[in-house]
Amino acid sequence: MPSGLRDNNLKNSRHPSSPRWSLLGCGALGGVFASLLTQSGQPTRVLLSERHRATLHPGIDFTSLEGHTQLIAIERGFIDKPGAIQRLLVMTKAGQVVSALTPLAGKLAAGVPIVLLHNGMGIAEQVVQLFPHNPVIAGVTSHGAMRCGHFVFRHTGKGETWLGPVNDAGKAHAHLADELARALGQAGWDEQILTRQWQKLAINCAINPLTALYKLKNGELAGPRFADVLQQICVEVADVMQAEGQPTGSDELLRRVMTVVELTADNYSSMYQDMEQGRETEIEAITGFLLGKAAAHGIAVPVNQGLYQAVKEKR
Ligand code: KPL
């Protein structure tokens, strides 16, 4: 048995009373979070759809930031018959959140917290409608992750993670941020999560379409070639944020974008990875969300509009 399997089984048994995380969406970031949660001794179960039953894998092949590779034993469940769920962490792509959660509507026990960690915006409101009796918590994260094969994941960048309530019931679940912090090294709780979601949206509007269209690592956006376009993207996002009651300066947004470009210089953005692998991108939930809000306020966002169209046409 690989040593990773033995270690993690031991770790789990040291925390018999920890409530179990059920994780929906085992893509690059989901696989990395499942591995880190398990390594921190927090029992984590990955919920898969029935079509994955035939392709089960003995564990997650996980490579840490330091380059250590381990096979991590992960419990699996199936979404059609999930059994008891104590807390749900949803890490599907933005466009799949609602369809992935729909089989649980009316079945999830009242009070079970649902934590949403995906790029883009506009999804949490739909989840609140689907689960009126559950605390809904939204999160943003800037960790970098790569899927290198079937259940093979690499943690490529240490980022920040923030959680905050979407509905009133969510407000009682700040402890979930502490528990994520045990796994990730850092995670915070912010009642104003909407502001952080907008700031992350700006980062994704800037980094994701450009890296996907020009086939670049995030760090390659740092040169003078992209300085103007990045600034224009931030000016447009700041205009829309202002109209949405989230005043911010475009310079502040650009500073945040450049910090992430630097911290994740060696990473391929999720949109780059999606496009390379012929998967649906998150452009609707990212730039599409911005365009929708801009249209509602009558604000012109030509640079973001152009990037949106280019990504749509590329598929
Ligand atoms: O969120 C990301 C993504 O790739 O989707 C960033 C922060 C840009 C890191 O690559």
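All values derive from a computational prediction rather than experimental measurement. Counting starts at 1 for both ligands and their atoms, following the listed order. Note: hydrogens, waters and symmetry copies are ignored here, and every other heavy atom, side chains too, is used.
- For Q70 (side chain) and T63 (main-chain N/O), no donor-acceptor pair under 3.5 Å exists by modelled atom type.
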Output block, N or O contacts of ligand 1, threshold 3.5 Å exclusive:
residue  : atom   : partner : partner atom : Å
ligand 1 : 1 (O)  : K200    : NZ           : 3.1
ligand 1 : 1 (O)  : N204    : ND2          : 3.1
ligand 1 : 4 (O)  : S270    : N            : 2.8
ligand 1 : 4 (O)  : S270    : OG           : 3.4
ligand 1 : 5 (O)  : N119    : ND2          : 2.7
ligand 1 : 5 (O)  : N208    : ND2          : 3.1
ligand 1 : 5 (O)  : S270    : OG           : 2.5
ligand 1 : 10 (O) : N218    : ND2          : 2.9

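- Between the N167 side chain and the N134 main chain, a donor and an acceptor come within less than 3.5 Å of each other.
- Side-chain contact, N304 with T287: no donor N or O sits under 3.5 Å from an acceptor N or O.
- L184 and L65 are assigned to two separate hydrophobic clusters, defined by single-linkage of ILVMFWY side chains at heavy-atom distances under 4.5 Å.
- Atom NE2 in H143 sits 9.5 Å away from atom CG in L117 (nearest 0.5 Å).
- A salt bridge is defined here as a Lys NZ or Arg NE, NH1 or NH2 lying under 4.0 Å from an Asp or Glu carboxylate O, and E252 with R255 meets this definition.
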